[in-house]
Amino acid sequence: MNNFDEKKRIQEFSTIQRELLPQINLENKFQVEEIRYIAGVDLAYWDVDEAKYGTCCIVIIDYFTKDVVEKVYSYGEILVPYIPGFLAFRELPLVIEAVEKLTLQPDLYIFDGNGYLHDRHMGIATHASFLLNKPTIGVAKSYLKIQDVDFMMPENKEGAYTDIVINNEVYGRTLRTTQNVKPIFVSCGNWIDLDTSTEIVMNCINNESRLPIPVRLADLETHKIRKKLIER
DNA sequence: GCGACAG
DNA sequence: ATCTTGTCGC
């Protein structure tokens, strides 16, 4: 009910992720030209008495036309607390529920959060790839410090980036998707390389947001769904 | 006690 | 993530 169980749970979470680690492959599992549908995933939360509830929305766009081709959502009680470094365990249950409602099969998922840019290389985007069996990209709006390493601010120019290198390994990169706007943090989820991840993210940027369209739309959608669910 | 802290 | 109005600027 408190500290011992909490530490034990974190140990279990770490064990699960350590076992997945060897299966990460940062090479494209596909041809970029055959990417057609890209899904954006995001969640929003609210309280019901002492309980925490959440909704997960997935928005799929056509990578070429940028039109929305499908939207689904799931919702329910959130049973895992937010623990920095273990976001996957809190959010993935609802993500899986939403994915099961899809009629289209996305070629790629973009998550609101990190992927390989993570202490154990197991941010939500990377962890999710093993449950979805699809390539994934992680896009975070802020930096979760790793081993006391800071990031270098990229130039104030659209498309500028700086790699985040730790122990001689590239974990991810900051990316200035829009001029005069804070950069985002892009990293591989799985079965894709960082350059391709960056290219795809940049191709999903419009004047509405610094975030890739599918993630931005999923974000907006979670707010609508939450409002709808609360007013009942 | 204090600082850190993806979402 | 969430609580929240106006306001400065393109």
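Every heavy atom of this structure was used, including side-chain atoms; hydrogens, water molecules and symmetry mates were not. Naming: A, B, ... by sequence-line order, numbering from 1 per chain.
Across all strands, A:G138 comes closer than 4.0 Å to no nucleic acid atom at all (heavy-atom distances). Within the 4.0 angstrom heavy-atom criterion, no nucleotide atom of any strand lies near A:I83. Among the protein residues, A:F89 comes within range of no part of the nucleic acid, since none of its heavy atoms lies under 4.0 Å from any strand. Backbone-only engagement by A:D42 is indicated by non-hydrogen atom pairs under 4.0 Å involving sugar-phosphate atoms exclusively. Counting non-hydrogen atoms under 4.0 angstrom, A:N114 reaches a base of the nucleic acid.
A:K66 contributes a side-chain N or O that, together with a main-chain N or O of A:Y63, makes up a donor-acceptor pair within less than 3.5 Å. In this structure a side-chain-to-backbone donor-acceptor pair under 3.5 Å is present from A:T174 to A:T162. Listed for the A:S129 side chain is no donor-acceptor partner under 3.5 Å among the backbone atoms of A:G189. Formation of a donor-acceptor pair under 3.5 Å by the A:R90 side chain with backbone atoms of A:V80 is found in this model. A donor-acceptor pair is defined here as one N or O able to donate and one able to accept, closer than 3.5 Å; such a pair exists between the side chain of A:E34 and the backbone of A:Q31.
The separation between A:N180 atom CG and C:dC8 atom C1' is 14 Å, rounded to whole Å. As rounded to whole Å, 12 Å separates atom C1' of B:dA6 from atom CZ of A:R120. Following rounding to the nearest Å, A:L144 (CG) and B:dA6 (C1') show an atom-to-atom distance of 5 Å. Regarding A:E91, its CD atom lies at a distance of 10 Å from the P atom of C:dA1, rounded to whole Å. Note: CG (A:L43) to C1' (C:dT2) measures 14 Å, nearest angstrom. Nucleotide B:dA6 holds its P atom 16 Å from the CD1 atom of A:I184, rounded to whole Å. Going from atom CZ of A:F185 over to atom P of B:dC5 covers 11 Å, rounded to whole Å. Residue A:Y53 contributes atom OH, which lies 20 Å from atom C1' of B:dG7 at whole-angstrom precision.
Once rounded to the nearest 0.5 Å, the distance linking CG of A:D42 with OG1 of A:T222 reads 5.0 Å. A distance of 11.5 Å separates CD of A:E70 from NZ of A:K101, quoted to the nearest 0.5 Å.
The closest side-chain donor-acceptor pair between A:Y82 and A:E91, if any, does not fall under 3.5 angstrom. A donor atom on one side chain and an acceptor atom on the other are found under 3.5 Å apart for A:D193 and A:T196.
With a 3.5 Å limit on both pairing distances and Watson-Crick or G-U wobble geometry required, DNA chain B contains no stem of 3 or more pairs. In DNA chain C, no stem is built from 3 or more consecutive Watson-Crick or G-U wobble pairs with both distances under 3.5 Å.
For A:K52 and C:dA1, the shortest distance from a side-chain N or O to OP1 or OP2 is not below 4.0 Å. In terms of phosphate contacts, A:S142 brings a side-chain nitrogen or oxygen within less than 4.0 Å of OP1 or OP2 of B:dG7. The shortest distance between the side-chain N/O atoms of A:Y82 and the OP1/OP2 oxygens of B:dA6 is below 4.0 Å. Put simply, A:K141 has a side-chain N or O that comes within less than 4.0 Å of OP1 or OP2 on B:dG7.
The stretch residues 204-232 of chain A comes close to DNA chain C through A:H223, A:R226, each having a heavy atom under 4.0 Å from the strand.
In this structure the side chain of A:Y45 reaches within 4.5 angstrom of the side chain of A:I78, judged on heavy atoms. Looking at A:L108 and A:K134, their side chains never come closer than 4.5 Å, going by heavy atoms from C-beta outward.
Between A:F151 and A:F185, the gap from one ring centroid to the other is short of 6.0 Å.
Using atom C1' as the reference point in both B:dG3 and C:dT4, the two lie 26 Å apart (nearest Å). Atom name C1', nucleotides C:dT2 and B:dC5: the rounded distance is 15 Å, in whole Å.
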message: Before you tell me yes or no, could you show the steps for A:N190 and A:Q23 under side-chain hydrogen bond (donor to acceptor under 3.5 Å, both in side chains), namely the whole-Å CA-CA distance, both residues' side-chain angles and the distance that decides it to 0.1 Å?
response: CA-CA 9 Å; A:N190 199 2; A:Q23 299 178 58; over 6 Å; no
